[in-house]
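Quick notes on the structure that follows.
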Amino acid sequence: MIARFDLDWLKRQNERHRAFCEMLEIQPEGESKFTFSAKDNLCTKDFQTRAGSRILEGYRPPFDAEPVKRLRHAGGLLLGKTNMDEFGFGTFSTNSAFGVPLNPFDRERACGGSSGGAAVAAALIAGHAALGVSTGGSISCPASFCGVVGITPTYGRVSRYGLIDYGNSLDKVGLLSRNVSLIEKLLPVISGPDPRDPTSCCQTQLDMSKDRSGPIAVPKECLEGVEPKVLDAFNAAVQRVSAEMGREIVSVDMPSLKFAMPAYYVLATTEASTNLARYAGMRYGVMGNEYHQHFNDYFSGVRTECFGEEAKRRILLGTFCRMVGFRDKYYLKALSVRNTIIQEYASIFKEYAAVASPTMPMVAPRFDDIKNMRPVDIYLTDFLTLPPNLTGLPHISVPCGYVGKMPVGMQLVTPHWEEGALVKFAKRWEQGFEYHIPEVGA
Ligand code: GLN
């Protein structure tokens with residue numbers, strides 16, 4: 001496995017698609033086993049780490065995040081940092097302070113978010129592994145929109161050491177690539193306990209040979225509100241899974257999934273609002289230059305200037321949800337919804353090997369259409385990726401059809417720690433279904 005790549009070609013591609021917000025400047029000498037990229041919220045020694053935010057402009061970490069370190073040790077060459085929604089807040093990567101990445105199949109459309117740049121890098125570069133991060137679907141969604149494979153491991157499988165937090169009880173580091181073969185090789189590399197992230201220390205060992213037999217459940221709730229052409233593509237894919245892979249497909253009811261969206265946005269923004277409190281223009285992030293004023297005025301000045309609109313919205317929403325008087329009504333209620341969804345999945349997994357659904361209810365939208373969407377309309381588009389994320393369950397998105405030239409994704413969810421079965425499924429799927437590769441210029 002030797003990766004050669006032409007940096008000038010990559011720079012030209014990046015001008016067209018803006019996958020990277022910072023990348024190698026000079027062609028490295030020698031060869032590496034594979035190339036990889038890191039989402040901009042993963043700390044890296046050689047590049048800035050800004051998590052898509054102006055408030056982290058100029059931050060150069062003196063260390064690598066654990067997954068980055070492990071990939072380098074495995075012989076990977078880090079090409080650069082991939083563009084993302086600020087701190088992971090978004091579904092289309094339109095909330096980045098460093099330009100909006102453009103879809104590899106159609107530059108007038110979004111790449112998905114928040115790991116949009118990672119999905120573009122995976123689509124454009126052969127043999128490339130993109131490290132992505134998902135809190136509520138940020139690996140599955142861009143994988144679906146950009147026609148690549150994206151795996152989101154079980155919460156706690158991959159160390160979060162060196163990751164800039166969005167929601168600590170939800171964040172997971174995973175991989176995107178053109179097909180599942182590189183993911184199969186590299187998931188074991190980035191997985192495993194790390195004493196610097198205690199949540200990674202109690203995991204059962206990753207067993208890539210372990211499969212799950214039995215029927216696959218398709219929840220009825222996951223088909224409501226899906227665009228008709230996307231639904232057709234998903235239904236055709238499910239028929240192939242049944243006819244060619246010999247898996248029985250059963251339609252089931254999972255009524256609690258409907259509540260994943262409100263519960264997620266309460267929990268995620270609550271955690272995000274406390275995480276962002278550290279960027280006050282002092283110890284973390286950029287500093288202001290007007291020191292002769294009250295602390296509150298100083299730090300709100302820096303935050304007003306450097307946080308984007310969506311980050312501010314989430315700070316307000318999250319702070320509200322955890323305020324005395326509202327905590328029971330929103331935060332605690334959302335926690336109990338989360339438990340109900342965990343239990344519902346557990347009872348489904350007693351009878352079924354996995355849960356399948358479309359990954360996103362639509363193909364990658366046009367930027368013109370995104371402009372007309374209200375924030376809550378955008379949050380609603382996450383309804384299929386939020387349930388497995390809220391419950392910490394591993395999931396994979398594979399391309400399963402095309403509407404015109406735009407890819408459609410199929411998402412498969414298995415019980416905690418059963419990533420092996422996801423990879424096995426994707427491998428079998430790829431034997432019978434050919435993925436389209438975007439046309440790239442010279
Ligand atoms: N779209 C979701 C959000 O905005 C999920 C993003 C993510 O996983 N980082 O929170």
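Each ligand, and each atom within it, is numbered from 1 in the order the structure gives.
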Write none if no such pair exists; otherwise list each N/O atom of ligand 1 with its protein N/O partner under 3.5 Å and the distance.
unit_1: ligand 1; atom_1: 1 (N); unit_2: Gly90; atom_2: O; d: 3.0
unit_1: ligand 1; atom_1: 1 (N); unit_2: Thr91; atom_2: OG1; d: 2.9
unit_1: ligand 1; atom_1: 1 (N); unit_2: Asp382; atom_2: OD2; d: 2.8
unit_1: ligand 1; atom_1: 4 (O); unit_2: Gly90; atom_2: N; d: 3.0
unit_1: ligand 1; atom_1: 4 (O); unit_2: Tyr265; atom_2: OH; d: 3.4
unit_1: ligand 1; atom_1: 4 (O); unit_2: Arg314; atom_2: NH1; d: 3.1
unit_1: ligand 1; atom_1: 4 (O); unit_2: Arg314; atom_2: NH2; d: 2.9
unit_1: ligand 1; atom_1: 8 (O); unit_2: Thr135; atom_2: N; d: 2.8
unit_1: ligand 1; atom_1: 8 (O); unit_2: Gly136; atom_2: N; d: 2.6
unit_1: ligand 1; atom_1: 8 (O); unit_2: Gly137; atom_2: N; d: 3.3
unit_1: ligand 1; atom_1: 8 (O); unit_2: Ser138; atom_2: N; d: 3.1
unit_1: ligand 1; atom_1: 8 (O); unit_2: Ser138; atom_2: OG; d: 2.6
unit_1: ligand 1; atom_1: 9 (N); unit_2: Gly88; atom_2: O; d: 2.9
unit_1: ligand 1; atom_1: 9 (N); unit_2: Ser114; atom_2: OG; d: 3.3
unit_1: ligand 1; atom_1: 9 (N); unit_2: Ser138; atom_2: OG; d: 2.7
unit_1: ligand 1; atom_1: 10 (O); unit_2: Tyr166; atom_2: OH; d: 2.6
unit_1: ligand 1; atom_1: 10 (O); unit_2: Tyr264; atom_2: OH; d: 2.7
unit_1: ligand 1; atom_1: 10 (O); unit_2: Arg314; atom_2: NH1; d: 2.9

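Under a 4.0 Å N-O distance rule, the pair Lys371/Asp368 qualifies as a salt bridge. With salt bridges taken as basic N to acidic carboxylate O contacts below 4.0 Å, one links Arg314 and Glu310. With salt bridges taken as basic N to acidic carboxylate O contacts below 4.0 Å, none links Arg54 and Glu57. Here Glu221 does not pair with Lys258 in a salt bridge; the nearest charged N to carboxylate O distance is not below 4.0 Å. Under 4.0 Å is where a charged nitrogen must lie from a carboxylate oxygen, and between Arg428 and Asp211 at least one such pair does.
Between Tyr166 and Tyr264, the two ring planes are perpendicular [angle over 60°; tilted spans 30° to 60°].
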